[in-house]
Every structure is written in C-alpha cells, then in structure tokens.
Amino acid sequence: MISGRLRAGLVIALIVVCSAIVGAAVERKFAPRADRGRGGPPGPPGIQAGPHPRDSRGSEEKKRAWMLDRMTKSLDLTPVQRAGIDSVMRVTDSSLKAIRVEMQPRLEKVFENSRTQIQAHLTPAQREKFGKSRGGGGGGGGGRGPRP
C-alpha cells in the first residue's frame, strides 16, 4: 500500500510533468518561434511586421510598439485610434507587471515546495541529476530566471 505522503508526492510530480508538457504544447501551437516560419507569430494574411520582439528578447516598450504596428497595419488605425490603444496597452502592461511582482514569491514558493517533495523520493544520485535538470535547478520558474 502506498503511504499518503508518497501518494501526494507522486501526484505533485505528475502535475509538474503534465504542466510542462501542456505548457510546451501550448507554446508550440500559439507562439511559434522565428525559425519556424516567416519570422513571427501568425497574423492576418499579407501582414508582414517583422520578427516578434520576444524572439530578440526586446523590452516591454518594443513588444508594445511591435503589436501596435501590427494592429495599425492590419486594422488601418487612425493616429487617434493608435494613441488610444497605446494608452490602453500601457495601463495593461503596468497592471500585469504589478500582478507578476505580487504573485512571483508565491509561485516560487510552490515550485520550491514541489522540488523539495520530489527530491525526498529520489536517491542521492537522482537528486544530483534532478538538480542539474531544467526543472530541478535553483531559482524559480523552471530555469528561466526571475521575471520582471
């Protein structure tokens, strides 16, 4: 019979693995990389706005400008509309940044707790491999580093 602690650890490990698989699938489907096509995410036919700024690790300002340029071209925005949409995007960026700052410590705690529980089920050699793997290393966010 499996103990409650072991069962909980296995469930958490399964959730982590399934989350990683689903996350990779969603990213692959909805956020294609520059090397998989014409240099950016899919958009309206005939609109070529250049590479997505995420591919070049641009700043939030560059990302917003890139999206605004795409919208201007595909929707034929007037300068007044463009300015209004830019304002909405700036407020949204500020709100999202505040949410990220607020949530990041909680997320890191959940990931650290998960890693600790998984490591409790591993041998010392497995722990070393797990620590070197993308999902088991130090820091939050699965090896991606801290978010802004």
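Not measured: the values here are computed from a predicted model.
Interatomic distance, E102 CD to L107 CG, rounded to the nearest 0.5 Å: 10.5 Å. Here the straight-line distance linking atom CD1 of I85 with atom OG1 of T92 works out to 11.5 Å at 0.5 Å rounding. Here the straight-line distance linking atom CZ of R82 with atom CG of L77 works out to 8.0 Å at 0.5 Å rounding. A distance of 12.0 Å separates CG of L122 from CD of E128, quoted to the nearest 0.5 Å.
By the neighbour-count criterion of 12 heavy atoms within 6.0 Å, atom CD of Q126 is densely surrounded, having more than that number from other residues, nucleotides or ligands.
For the pair T72 (side chain) and L68 (backbone), a donor-acceptor distance under 3.5 Å is present.
Side chains of S114 and V110 form no contact here, defined as non-hydrogen atoms less than 4.5 Å apart. Residues R90 and E61 are in side-chain contact: their nearest non-hydrogen atoms beyond the backbone lie under 4.5 Å apart.
Here K73 does not pair with D69 in a salt bridge; the nearest charged N to carboxylate O distance is not below 4.0 Å.
Side-chain heavy atoms closer than 4.5 Å link hydrophobic residues (I, L, V, M, F, W, Y) into clusters, and following such links, even through other members, never connects M67 to L96.
Applying side chain to side chain donor-acceptor pair (under 3.5 Å) to N113 and the options R115, K109, Q117 leaves one that passes, Q117.
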